[in-house]
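Data first, discussion second: the structure below is written as structure tokens.
Below, each value reflects all heavy atoms present in this structure, side chains not excepted, and no hydrogens, waters or symmetry copies.
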Amino acid sequence: MKRLLLMTYDFPPRGASGVFRTAKFARYLPDWNWQPVVVTAAGVGPHPDPQLLTELPSDMEILRVGSGKSLSAQPAGVLPLQPAQSWRARLKPWIVPDPQLRWVPAATWQ
């Protein structure tokens, strides 16, 4: 059986909208002779749904990395009011809009 690395932030027991596609994809891969290895963020998120885990094979390899906490997102169009900030610090909310970015370094070193 071939192995496939599936990296996703949202995966059961998280109950977010992005969970369902990756969970079903991982569930049916063994039917096509692929063994998924899932790398996902630690933690259960704001809307956990443990029932989603029962739909997955019990022997599926799931690696949970990082803190599972999201970065505090800055509202669009609002720059933090702090004196003497560098231009890079002021641009950071615009360059990195993804609040779940913190788990990526931990996921890539696994």
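Across all non-hydrogen atoms, the minimal contact from A26 to P36 is O-CG, 3.5 Å. In plain terms, the two heavy atoms of W34 and W32 that are nearest each other are CD1-O, 3.2 Å. Pairing each heavy atom of A23 with each of L56, the nearest pair is O-CD2, 3.5 Å. Of all non-hydrogen atoms in R14 and A41, the two that sit nearest each other are NH2-CB, 3.9 Å.
Partner P13 forms a side chain to side chain contact (heavy atoms under 4.5 Å, CB included) with one of T54, V19, L53 and no other, that one being L53. Among V44, V38, L52, the one residue that satisfies the side chain to side chain contact (heavy atoms under 4.5 Å, CB included) test with P12 is L52.
In this structure, CZ in F11 is found 11.0 Å from CG in L63, a value given to the nearest 0.5 Å. Taking NZ of K24 as the start and CD of E55 as the end, the distance is 4.0 Å to the nearest 0.5 Å.
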Q | Candidate pair R3 and L5, rule side-chain contact (heavy atoms from CB on, under 4.5 Å), full reasoning | A | CA-CA 7 Å; R3 292 172 52 109; L5 178 63; over 6 Å; no
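In this structure, F25 and L4 have side chains that are in contact, with non-hydrogen atoms separated by less than 4.5 Å.
V37 and L29 fall into different hydrophobic clusters, where Ile, Leu, Val, Met, Phe, Trp and Tyr are joined by side-chain heavy atoms under 4.5 Å apart, directly or via other members.
Checked by atom type and distance alone, the side chain of T40 pairs as donor or acceptor with a backbone atom of T8 at under 3.5 Å.
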